[in-house]
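Worksheet: one structure, shown below.
Chain letters run A, B, ... following the sequence lines, proteins first and then strands; every chain starts at 1. Atoms considered below: every heavy atom in the structure, side chains included; atoms not considered: hydrogens, waters and symmetry mates.
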Amino acid sequence: MGKPRVIYWFRTDLRLHDSPALQAALDLSPDVLWPIFTWDPHYVYKAKGGVNRWQYLLDCQNDLSKSITKLNPKSKLFVLREGPQTLFPKLFKAWGVTHLVFERDTDTYAKQRDQLVAELARKAGVEVITRYGRTLWDSDEIVAKNGNKPTMSIVQLQHAGQKVGQIPKPIPAPKSLPDPGGTPVDFEPEEPDRDPDLNADFRKHKDKTYSTIAGPKGDFAVETLEELGFPPATTPHRGGETIALTVLGEIIANKKYTATFQKPKTSPAAFEPQATTLLSPHMHFGSLSVRLIYWKVQEVVDGYGKGASTPPESLTGQLLFRDMYFAAQAGIGAPFGQTLNNAYVRFIPWHLPSNTMEDTDIGEGPIAVSGSYRVDSPVAEKWFQRWKYGVTGFPFVDALMRQLRQEGWIHHLGRHLVACFLTRGGCYIHWERGCEVFEEWLIDHEPACNAGNWQWLSCTAFFSQFFRCYSPIAFGKKWDKSGALIRKYVPELKDLDEKYIYEPWKAPPQALAAAKVKIHGDGLHEPREGVYPEPMLDFNERRTVCLNAMKVAYKIGLHGNDEKVKDGSWKKLFEDAGEKEMEGAEIPSDDNGSEADDAEHENHKRKRGTGGRRKSDAVKQGPMDRHVKKTKAAA
DNA sequence: CGAAAAGTTGGTTCT
DNA sequence: CAGAACCAACTTTTC
């Protein structure tokens, strides 16, 4: 056998610093090394991601490619426009590959994809080498040390982490890279299944991807938004390892900020600058190593002496929570992101529940939830649309939701507020609906952290003190009395008196006239200029309803894997307990119900299957990141 | 084992 | 206006 001819497959580790897998590739002393990125059809078509996250990905790829070229002018990031599942067998042969090296991925879809690729490599006689560097500790090792159970609390994670051992120290970036070999692509390209293209609505024109493997110019260049058919991004946040390292450098240069950071004391209303580090999207794309952050911060903390904050509030504490969610995901597996078949999450009969694969007749797989949901209550559906598009009539909620949609990022505590409001603290809508919206819009969207946090905030798992309920009025006021965040993101209210900025429906006519704003309608239909919607619900009333309903649900104590949850007999338990607020029960409302059907244009209707549910229920199609493997149902 | 304390980040009222 | 007491009461961890 000749000298190693190595493909380094970049995926969610778009960096050169502290990459154990890249180090492993270089340790082979390769004759040639191709740094490549493949277009995953799941990412392009099946995962709903707004243009802002795409922009961030392209930023990371462009920066990485430049950094590679700096180390070796003959090399760069070779972007191949075909799915890895079909591309690799052809590539192994055409390029004479001996080794394939990559960083292990974490979520269910990615693990299945990697398993398939490893099998294809084995058949082609290509050796596969993987390393792990996505979290502080290897999540599988954490699970093993936690008694083969998912980590459902930070204490469990900390104890398991101690048993696993010291967090690996960062590996320096390589000083040189081998030449790439030849890159013939004289084989038949294969287009992936584009149906459904969950991003179709966002595209300006049909995407031109997959027409040629090496891209429009045949040079394996990084793709553009134009090529993907997307309009320009709206986010001010930009990606790439160079920026990430600069930002990290600035953070640790401020020793006091770094060493005394206390998350609960950072303001969700701060935006220029924001109160937290905004390193999460860099961690998501792997343009910054979490271990590098950990050790750089720890160094500052060690040198700071008295007064430094400690986990879980401190900066490193935030990283521990991230690891906790990854190890929870690793321990629970495929059902982690859903209620159904998940023994670790409570069953609560929220409105707008997910359809199962059975419900929709689109097959079955390790993921039991189809990505679509049932409209059990027109009022709830309308509340959901108003929440999603930032027209609830509660200015702080709306400011946060609009900031999220425009910029792809909001402060963690802001996420708490809007999540609590949608679920247990207002609308009583299923956390999976909110999880899907975040999945679509967050530039730092991480399946494990997103689902975990939604479970936390809805008191479904990880957290249970449901009587602690965020107020859409009081919570924002505490941080931002003058309403600066509202004035920026809800410009209709920018001139309203401070006294009414959190509750504009209470403003007297003179105050509204002075601010040139009318309080009217539901925000979904009227022109937005000069008009701000009425509050969509009575918060205090709904808070009481939700809290009581949560109490009943906790007492009944069903979990996602209970037979009663699957066969629908849960309903009798709740009815016997005298509970009225639950899936299938219409929400009493003065005027909200009548217009609810109008909101339906936002989503495609999907044909219903035989799930034993009422035929009249409307069905909505949502994102399908968790929708891993669809095979036609046998029957 | 059982009781007590703790748990990343609530709200309101009173001092 | 900062801080404590209270609200009503969950699960996990510690002692």
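Spacing of P atoms, dA9(C) relative to dG7(B), comes out at 22 Å, to the nearest Å. As rounded to the nearest Å, dA5(B) and dA5(C) have P atoms that lie 15 Å from one another. For the P atom pair drawn from dA8(C) and dG2(B), the interatomic distance equals 29 Å after rounding to whole Å. With both ends at atom P, the span from dG11(B) to dT11(C) equals 22 Å, rounded to whole Å. Taking atom C1' in both dT8(B) and dC15(C), one finds a spacing of 23 Å when rounded to whole Å. Comparing the C1' positions of dC1(B) and dT13(C) gives a spacing of 15 Å, expressed to the nearest Å.
In this structure, Arg322(A) atom CZ and dT8(B) atom C1' are separated by 17 Å, rounded to whole Å. We find that CD of Gln156(A) is positioned 19 Å from P of dA6(B), with the value rounded to whole Å. Between Arg543(A) atom CZ and dC7(C) atom P the separation is 14 Å, expressed in whole Å. Distance Phe467(A) CZ to dA9(C) P: 8 Å, rounded to the nearest Å. Taking atom CG of residue Asn548(A) and atom P of nucleotide dA9(C), one finds them 8 Å apart after rounding to whole Å. To the nearest angstrom, C1' of dT8(B) lies 9 Å from CG of Leu413(A). Distance OH (Tyr470(A)) to P (dT8(B)): 12 Å, rounded to an integer number of Å. Following rounding to the nearest Å, Trp456(A) (CH2) and dG10(B) (P) show an atom-to-atom distance of 11 Å.
As judged by a 4.0 angstrom heavy-atom cut-off over every strand, Tyr554(A) is placed among residues touching the sugar-phosphate backbone only. Using a 4.0 Å heavy-atom criterion, one finds that Gln318(A) contacts the bases of the nucleic acid, with or without backbone contacts as well. Across all strands shown, Trp479(A) has no heavy atoms under 4.0 Å from either base or sugar-phosphate atoms. Within the 4.0 angstrom heavy-atom criterion, no nucleotide atom of any strand lies near Lys265(A). Contacts of Arg346(A) with the nucleic acid, taken as non-hydrogen atoms under 4.0 Å apart, involve only primed sugar atoms and P, OP1 or OP2. Using a 4.0 Å heavy-atom distance criterion, His159(A) is classed as a sugar-phosphate-only contact. Within the nucleic acid shown, Leu547(A) has no heavy atom closer than 4.0 Å to any nucleic acid atom. In this structure, Phe475(A) reaches the sugar-phosphate backbone alone: every heavy-atom distance under 4.0 Å involves primed, P, OP1 or OP2 atoms, never a base.
Note on ring orientation: taking the six-membered ring where Trp is involved, the planes of Trp505(A) and Phe394(A) are perpendicular (angle over 60°, cut-offs 30° and 60°).
Applying the Watson-Crick and G-U wobble criteria (two distances, each under 3.5 Å), dT14(C) pairs with dA3(B). dC6(C) is paired with dG11(B) under the criterion used here, namely a Watson-Crick or G-U wobble arrangement in which both key atom distances are under 3.5 Å.
A side-chain donor-acceptor contact under 3.5 Å links Asp398(A) to the backbone of Thr392(A).
For Gln465(A), taking side-chain heavy atoms from C-beta onward, the closest of the listed nucleotides dT8(B), dT9(B), dG7(B) is dG7(B). Closest approach to the Val155(A) side chain among dT14(C), dG10(B), dG11(B) is made by dT14(C) (side chain taken as heavy atoms from C-beta onward). For Ser464(A), the side-chain atoms get nearest to dT11(C) when compared with the rest of dA9(C), dG11(B), dT11(C). Each of dC10(C), dG10(B), dT12(B) was ranked by its minimum atom distance to the side chain of Ala474(A); first place goes to dT12(B). Side-chain atoms of His412(A) lie closest to dT9(B) of the nucleotides dT9(B), dG11(B), dT13(C).
With Thr460(A) as the partner, the side chain to side chain contact (heavy atoms under 4.5 Å, CB included) test is satisfied by one option alone out of Trp350(A), Trp454(A), Phe347(A): Trp350(A).
Phosphate proximity of dC10(C) to Arg468(A): absent, as no side-chain N or O sits under 4.0 Å from OP1 or OP2. Under 4.0 angstrom from either OP1 or OP2 of dT13(C) there lies at least one side-chain N or O belonging to Ser153(A).
Residue Lys145(A) qualifies as open at atom NZ: its count of foreign heavy atoms under 6.0 Å is 12 or below.
Contact check on Glu440(A) versus Arg405(A) returns no salt bridge, with no Lys/Arg side-chain nitrogen under 4.0 Å from an Asp/Glu carboxylate oxygen. Look at Arg386(A) and Glu381(A) and you find no salt bridge, because none of the NZ, NE, NH1 or NH2 atoms lies under 4.0 Å from a carboxylate O.
dC10(C) has no stacking from Phe466(A) on its base ring, since the centres under 5.5 angstrom apart and planes within 30 degrees of parallel are not both found.
Note: His282(A) and Tyr56(A) meet the aromatic proximity criterion, with ring centroids under 6.0 Å apart.
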